[in-house]
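Numbers restart at 1 for each chain; the letters A, B, ... are given by sequence-line order, proteins then strands. Keep in mind that what you see is a predicted model, and the values were worked out from it rather than measured.
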There are 2 protein chains.
Amino acid sequence: MSSLVEVARAAGVAVSTASRVLSGSDHPISAKTRAKVLAAAEELDYSPSALARAMVSPHSRLVGVLVSDIDNPYFSVIARGVDDAASRAGYVTMLSNVDRRTGTEIDRLQAMRDYRAAGVVFAGSGYVDDPRTPDLVDAVRRAREQGVQAVSLAVRDLGCPSVVVDNRAVAHDITDHLVSLGHRRIAFIEGPTGMTVTRHRREGFLARMREAGLADSAQCQPGGFDYESGHAATLRLLARPPLPDAVIGANDEVAVGALSALRQAGVDVPGEVSVAGMDDLRLAEFVGLTTVSLPLYEMGSLAARHIIDSPPVPRPRVTTSADAGRSSGAGPTRRGGRRADPPGDGRADAPADVSADVPATTTVLGHRLTVRETTARRTGERA
Amino acid sequence: MSSLVEVARAAGVAVSTASRVLSGSDHPISAKTRAKVLAAAEELDYSPSALARAMVSPHSRLVGVLVSDIDNPYFSVIARGVDDAASRAGYVTMLSNVDRRTGTEIDRLQAMRDYRAAGVVFAGSGYVDDPRTPDLVDAVRRAREQGVQAVSLAVRDLGCPSVVVDNRAVAHDITDHLVSLGHRRIAFIEGPTGMTVTRHRREGFLARMREAGLADSAQCQPGGFDYESGHAATLRLLARPPLPDAVIGANDEVAVGALSALRQAGVDVPGEVSVAGMDDLRLAEFVGLTTVSLPLYEMGSLAARHIIDSPPVPRPRVTTSADAGRSSGAGPTRRGGRRADPPGDGRADAPADVSADVPATTTVLGHRLTVRETTARRTGERA
DNA sequence: TTGTACGCGTTATCAT
DNA sequence: ATGATAACGCGTACAA
């Protein structure tokens with residue numbers, strides 16, 4: 001190791017000079033001095049402390065991403081998008097798995113806040129009527145007041161910007177495709193109970209079925225987001241004939257679970273029954289699944305770029321000399337001290353929330369149908 | 001936000017007192033004072049700066065993990081293991097994708113070192129005869145000298161401890177299984193050219209074939225680690241009959257690619273040809289693939305725990321007043337100073353490399369065969 | 001039990 | 001073009 005002072009000493013210059021050279025400042029430096037500093041840094045294996053750097057700036061060059069489970073391809077693609085954008089900008093990505101627990105989300109957000117992250121990306125969907133949502137919203141608000149940005153990748157109303165897809169439309173479109181293939185009796189295997197995305201996708205499915213006058217032949221099965229859920233739900237379908245013309249999984253993995261269950265039961269897919277999913281993860285390609293492609297990678301990178309490109313709220317530094325030190329009452333107290341409650345709104349001169357008052361923007365990214373005929377084909381009886 | 005001084009001021013105590021309360025010190029504190037401080041902290045939404053904390057300790061509570069691509073289930077499981085262990089211990093995980101590029105590995109290691117990470121986990125395999133390996137080894141050495149631990153999850157000789165599986169044995173075992181099933185002509189689709197793991201797995205395959213006196217009917221196809229590679233390699237196999245009795249993929253995804261190609265070509269699997277893989281990722285379960293289970297999650301968590309549990313090399317703090325400042329030569333040198341040079345070792349008093357001289361330990365974790373008869377069965381002609 | 005003061009490594013500000 | 005120094009927020013010897 002070795003610090004700036006050691007490098008400066010070895011180079012025979014002042015720390016400020018060494019700093020200017022090594023931090024790529026645009027301050028003019030003589031070529032000779034620059035060379036000396038560079039040489040000394042090399043010699044001493046100087047490694048700038050990002051910690052110390054972050055202490056004198058509004059925030060660190062760390063971006064966090066909160067996923068339900070990184071070992072779920074839906075989230076790993078997002079994480080990849082975040083990290084690519086972060087790395088490109090010289091940032092480092094922090095990752096935390098929260099297992100869909102709001103409490104854990106709050107904890108991990110706090111941990112990242114402790115590191116003065118530039119921002120945190122919330123990758124997962126929330127639950128409808130989650131009792132802890134207010135706590136999370138509060139945690140997000142406080143983080144933002146401190147200069148830690150937040151971006152949600154799901155429709156969640158966290159009081160922060162969001163980059164999302166229209167999950168109703170996603171489900172609507174895949175349903176539309178199956179209907180256009182001539183399928184009438186369509187079963188929908190839902191996602192995890194209570195999740196917002198589950199609700200949206202079901203609504204999209206039902207909406208399209210209604211529009212097609214097929215409300216009566218629409219069938220929703222409780223499910224989940226994993227293979228086992230899809231498999232189990234399909235077994236239930238198999239146990240109560242007649243079979244539907246098509247099965248839609250709440251996501252690709254569920255669809256694959258359905259596919260397996262059907263084929264294991266000797267059902268011809270796509271001959272007798274069509275199967276389709278949503279998300280278009282790699283898995284979908286492997287099994288030739290008709291699905292809907294989501295811009296997950298882009299959502300991640302876009303969120304990260306939003307965080308990185310946001311001009312940091314410059315935290316006012318204390319004005320040097322004079323009354324700096326011990327003016328116990330007047331000086332620094334101004335920050336959080338006089339919190340003159342404005343009527344109604346709880347955050348009058350709350351520090352550093354320049355953007356907290358503008359309505360959180362929502363960016364909706366597009367999706368597209370991806371047809372792979374291995375699992376979904378035109379129905380025989382109705383061309 | 002709000003800092004310790006502000007909390008202390010609000011509570012009417014000294015910063016040290018506030019610190020003792022808020023940082024969970026065992027220093028005795030009167031109940032009343034403690035309560036006051038806690039209340040003030042709550043009121044001011046105090047968030048301890050992990051940055052400042054890390055500055056006064058030997059390292060931060062950040063652990064890094066370097067993966068080739070987080071959107072590859074092999075690595076995402078590892079990352080999950082790392083993060084679980086890290087989170088449990090109050091650490092935060094840093095993640096970087098390096099796309100199998102040694103240069104990028106060096107860069108990202110450096111970035112994590114800048115944050116004074118407690119340690120960095122190298123999840124990916126290296127290349128045989130990689131010209132940049134010496135640079136990486138050097139970077140690892142310097143990081144370790146600074147107190148940033150390193151752990152490799154592949155046989156790589158980075159000069160750091162490693163937690164690995166025996167990939168020769170892995171390939172040997174899956175080959176053994178197919179041989180015991182009666183298969184004679186077995187094709188092996190290799191991993192990416194030049195990777196160490198690729199070599200090891202091929203060696204394991206060939207070794208078992210030799211032992212079985214089947215060296216002549218062993219067939220190696222160039223491949224990769226992804227679906228497309230497996231698919232393409234299998235198309236080549238199909239183009240040059242006769243077909244082998246069985247196909248082994250260098251990993252599960254390759255095996256699934258092979259499986260698809262075979263079935264698309266009308267070949268009955270496992271009737272005519274058996275297919276097997278290695279790793280046992282979720283995918284293998286979906287398609288019912290016979291494979292070898294690897295303790296990837298455990299490797300990740302074990303590596304993280306190794307880092308976290310390692311006693312930090314206590315960086316000697318300067319002894320207050322007196323000669324503190326400018327004793328350019330004597331002072332800090334004491335750190336690694338009296339290290340009784342082992343003869344032949346060229347780095348006498350390199351600072352803080354207490355463990356650099358003990359031979360890097362290698363922990364080999366076990367694996368086990370996982371049989372799923374959907375893709376591999378006893379050959380018809382030879383029971 | 002509590003308070004005082006210093007240092008961690010960096011950047012920014014203010015001289016020179 | 002370069003140097004000196006005050007912050008940033010924290011933990012911790014040391015003093016009281």
When you look at CZ of A:Arg20, are more than 12 heavy atoms from neighbouring residues, nucleotides or ligands closer to it than 6.0 Å?
yes
Students often get this wrong, so: under 4.0 angstrom with heavy atoms, is A:Val13 touching a base, only sugar-phosphate, or nothing?
sugar-phosphate
Measure from the side chain of B:Leu4, starting at C-beta and using heavy atoms only, and say which of D:dG11, C:dT11, D:dT2 lies closest.
D:dG11
Does OP1 or OP2 of D:dT2 have a side-chain N or O of A:Ser30 closer than 4.0 Å?
yes
When the distance from CG of A:Leu44 to C1' of C:dG9 is rounded to whole Å, what number comes out?
15 Å
Do the side-chain N or O atoms of A:Thr33 get closer than 4.0 angstrom to the phosphate oxygens (OP1, OP2) of D:dT2?
yes
Rounded to whole Å, CG of A:Leu51 lies from P of D:dC10 at a distance of 13 Å
Whole Å only: how far is the OH atom of A:Tyr46 from the C1' atom of C:dT11?
10 Å
From the options C:dT11, D:dA4, D:dC14, select the nucleotide whose nearest atom is closest to the side chain of B:Arg20.
D:dC14
Taking atom CZ as the centre, does B:Arg156 end up with more than 12 heavy-atom neighbours from other residues, nucleotides or ligands that are less than 6.0 angstrom away?
yes
So what does B:Ser19 touch, heavy atoms closer than 4.0 Å: a base, only the sugar-phosphate, or nothing?
base
Nearest-Å distance for atom pair CD/C1', residues B:Glu6 and D:dC10:
13 Å
A:His59 atom NE2 is separated from C:dT10 atom P, nearest whole Å, by 19 Å
Could you check how far CZ of B:Arg116 sits from P of C:dT10, rounded to whole Å?
7 Å
Any B:Arg53 side-chain N or O less than 4.0 Å from OP1/OP2 of D:dC10
no
Do you see a donor-acceptor pair shorter than 3.5 Å between the side chains of B:Ser30 and B:Thr33?
yes
Report the distance from atom NZ of B:Lys36 to atom C1' of C:dT2, rounded to the nearest whole Å.
10 Å
Identify whether any heavy atom of B:Ser23 sits under 4.0 Å from a base atom; if not, whether one sits that close to sugar-phosphate; answer base, sugar-phosphate or nothing.
sugar-phosphate
State, without any angle test, whether A:Gln149 and A:Arg144 hold a side-chain donor-acceptor pair at a distance under 3.5 Å.
no
Counting side-chain heavy atoms from CB outward, which of C:dG9, D:dT2, C:dT11 is closest to A:Met55?
C:dG9
Would you indicate which nucleotide in C:dT2, C:dG9, C:dG7 comes nearest to any side-chain atom of A:Ala52?
C:dG9
Check the side chains of B:Asp84 and B:Ser301 for a donor-acceptor pair under 3.5 angstrom, ignoring hydrogens and angles.
no
5' priority, DNA chain D, between B:Ala50 and A:Ala31 [closest heavy atom]
A:Ala31
So which nucleotide from D:dG3, C:dG9, D:dG9 ends up closest to the side chain of A:Ser16?
D:dG3
Where the side chain of A:His27 is defined as all heavy atoms beyond and including C-beta, which of C:dT10, C:dT4, D:dA1 is the nearest nucleotide?
D:dA1
